[in-house]
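Take a look at the structure below.
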Amino acid sequence: MRQSRLFTKTSKTLPKDEVSINSQLLLKSGFIDKEFAGVYSFLPLGHRVLNKIINVIRQEMNAIDGQEILMTALQSPQTWEPTDRWDDAKMDVWFKTELKNGSQLGLAPTHEEPLTKMMKKFINSYKDLPAYAYQFQTKFRNETRAKSGILRTREFIMKDLYSFCRDQAELDEYYERAKNAYIKIFNRLGIGEITYVTYASGGTFSKFSHEFQTLCEYGEDLIYINEEKKIAINREIFVDEVIAEFGLSRNDFVEKKAIEVGNIFKLGTKFSDGLSLQYVDEKGERKPVIMGSYGIGPGRVMGTIVETHNDEKGIIWPKEVAPYQVHIVSLGKEESIMAESEKLYRMLNENGFETLWDDRVNLNPGAKFADSDLIGCPVRVTVSGKNIENRQYEVKRRSGGEVEFIPQDNIIDYLNK
RNA sequence: CGGGGCGUGGCGCAGUUGGUAGCGCACCUGGUUUGGGACCAGGGGGCCACUGGUUCAAGUCCAGUCGCCCCGACCA
């Protein structure tokens, strides 16, 4: 992408009331735009990052046999009445509206009911199970207080996967696969080291559920971690009885602030009972389908990455989620510099490196470097008259370290390693 | 939903005892610059959140409404 053609631009000032690091950096760098409180648009650079995150999640969901679907945001009350969740007293985050003819509609805050209801059309026999469906879909939640930039919004994309199993054992096994997939996902997204599988209350159908909590001072949640076992317990269930089950005592845990980037839990028959989702087993008996639910908010993950990967100059994107792998910065507008930059730009693209090229003229070096640091691509390659003379490229990694000078012919090898 | 703060060009801000709105950034034109957010000259852009009141006169005073942010409560 030629930066001169990128329609967004960076800004030096910020709306005064943006306080969170994630919204400050993402707005300043032009990754997102704010529509109103808790409602953000993703612009070209931000959209690329969001898609990177989504694609990592998608690959790992496919790897555990998830089948991707896309359900509707518009919901009719009939779907939600059997489980009594149409009631605003029971589900207080509904956005409700109506059809021209006056019938009620809601914008889905989650999808257990509609999916369970839909699966009744396809699940009849034990031969139809297990089934795993997931989607990246926009949820609407009428939060009383949106806050923390893109960490807690009123409209957000969520990856929600639901498992439909024959019995508890099948669910338990899948649950473990999903948990491992989640660990993989957060590793790939660059926050694995600081993300803890956190025990949380399990509800009626299991002892525990699990949250994936990323350590961050700006987090809303408090968790208690044990570094040695790399486990954590969330605040609600951090009681002696639970602690003892891990063979540990209170002193073995440290209190930390964290952001919940994912959660998985066993629903059991809560929704299959409520909406009568049953199957017939080998003996001809009708049984309820055993369900599980597995969520990740890609936007919240993006905000969490920014919160945990930045310095005073801007964002430092982990490799797999960066909008572009390489940022070429051309200094000077001489023909030779632009020609050399373009040659490099083409070569990188041909070799599979996603590249942003700062080809803007009449901009001082300082401004270009500042923008490059702010945008935060992992590798910056500077093309200047001096470097051309020496037949070399000047490379600097956003994550730190010294500038390196790489002979022109070696640049692809260098970037590949 | 409770408490606090704030609404003035796109963004950041100033605007005195009420007298008809200004600065910086950004933007447009021309020129000079180019290794860490350059400079000069010229230019465009504002129902001062909204509604109603007080007044000869309201960005400024009064009332209400709406919106935004922070803290708390809430949060599959």
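Lettering follows sequence order; numbering is per chain, from 1.
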Would you kindly give the [atom1]-to-[atom2] distance between [X] and [N], to the nearest whole Å?
X: A:Ile21; N: B:C69; atom1: CD1; atom2: P; value: 17 Å
X: A:Lys386; N: B:U34; atom1: NZ; atom2: P; value: 15 Å
X: A:Asp311; N: B:G36; atom1: CG; atom2: P; value: 18 Å
X: A:Lys9; N: B:C11; atom1: NZ; atom2: P; value: 14 Å
X: A:Glu18; N: B:C69; atom1: CD; atom2: P; value: 7 Å
X: A:Leu27; N: B:A26; atom1: CG; atom2: P; value: 19 Å
X: A:Asp92; N: B:C1; atom1: CG; atom2: C1'; value: 11 Å
X: A:Lys90; N: B:A76; atom1: NZ; atom2: P; value: 15 Å

Pairing check on [N]: which nucleotide meets the Watson-Crick or G-U wobble criteria with it, both distances under 3.5 Å?
N: B:U34; value: none
N: B:C61; value: B:G53
N: B:C1; value: B:G72
N: B:G7; value: B:C66
N: B:G45; value: none

How far does the [atom1] atom of [N] sit from the matching atom of [M], given to the nearest Å?
N: B:G10; M: B:G46; atom1: P; answer: 9 Å
N: B:U51; M: B:C23; atom1: C1'; answer: 31 Å
N: B:G43; M: B:G15; atom1: P; answer: 27 Å
N: B:C39; M: B:G24; atom1: C1'; answer: 16 Å
N: B:U55; M: B:C68; atom1: P; answer: 35 Å
N: B:C40; M: B:G35; atom1: C1'; answer: 23 Å
N: B:C6; M: B:A63; atom1: P; answer: 16 Å
N: B:C56; M: B:G9; atom1: P; answer: 30 Å

Decide yes or no for [X] and [Y]: does some side-chain heavy atom of the first lie under 4.5 Å from some side-chain heavy atom of the second?
X: A:Ile305; Y: A:Ile53; value: yes
X: A:Thr304; Y: A:Leu151; value: yes
X: A:Phe136; Y: A:Pro298; value: yes

For a quick check under 3.5 Å, do [X] and [Y] share a side-chain donor-acceptor pair by atom type?
X: A:His210; Y: A:Tyr175; answer: yes
X: A:Gln3; Y: A:Asp359; answer: no
X: A:Glu18; Y: A:Ser23; answer: yes
X: A:Arg58; Y: A:Asn55; answer: yes

Inset, instruction - Check whether any side-chain N or O of A:Asn364 sits under 4.0 Å from OP1 or OP2 of B:A38, and answer yes or no. - result: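 For A:Asn364, the contact criterion (side-chain N or O under 4.0 Å from OP1 or OP2 of B:A38) is met.
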Inset, instruction - Kindly say if A:Arg145 contacts the phosphate of B:C71, meaning a side-chain N or O under 4.0 Å from OP1 or OP2. - result: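 Yes, A:Arg145 has a side-chain N/O under 4.0 Å of OP1/OP2 on B:C71.
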Inset, instruction - Using modelled atom types only, decide if a donor and an acceptor are shared between the side chain of A:Asn364 and the backbone of A:Gly366 within a distance under 3.5 Å. - result: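 No; judged by distance alone, with no hydrogens or angles, the pair does not exist.
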Legend entry - Side chain A:Arg398, main chain A:Arg380, donor-acceptor under 3.5 Å: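 No, A:Arg398 side chain to A:Arg380 backbone: no donor-acceptor pair under 3.5 Å.
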Inset, instruction - Confirm from the modelled atom types if A:Thr144 and B:A73 form a donor-acceptor pair under 3.5 Å, side chain to base only. - result: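 When only heavy-atom distances are counted, A:Thr144 does reach the base of B:A73 through a donor-acceptor pair under 3.5 Å.
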Side chain of [X] only, please: which of [options] is the nearest?
X: A:Val19; options: B:G37, B:A73, B:C69; value: B:C69
X: A:Phe265; options: B:G35, B:G37, B:A76; value: B:A76
X: A:Ala37; options: B:C68, B:C1, B:G35; value: B:C68
X: A:Ala370; options: B:A76, B:G37, B:G35; value: B:G37
X: A:Lys34; options: B:A76, B:G24, B:C69; value: B:C69
X: A:Phe369; options: B:C74, B:G35, B:C11; value: B:G35
X: A:Glu112; options: B:C11, B:A76, B:C74; value: B:A76
X: A:Leu267; options: B:G35, B:U34, B:A76; value: B:A76
X: A:Lys147; options: B:C71, B:G36, B:C75; value: B:C71

Mind checking if [X] touches a base, just sugar-phosphate, or nothing, with heavy atoms under 4.0 Å?
X: A:Arg380; answer: base
X: A:Glu394; answer: base
X: A:Asn387; answer: base
X: A:Ser11; answer: nothing
X: A:Asp160; answer: nothing
X: A:Lys333; answer: base

Inset, instruction - Kindly label the base of B:C13 as syn or anti, based on whether its glycosidic torsion lies within 90° of 0. - result: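 Because its glycosidic torsion lies more than 90° from 0, B:C13 adopts the anti conformation.
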Legend entry - Of A:Thr10 and A:Met158, the one whose closest RNA chain B nucleotide lies more 5':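 Here A:Thr10 is the residue nearer the 5' end.
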Legend entry - 5' priority, RNA chain B, between A:Asp371 and A:Thr13 [closest heavy atom]: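 Going by which nucleotide is closer to the 5' end, it is A:Thr13.
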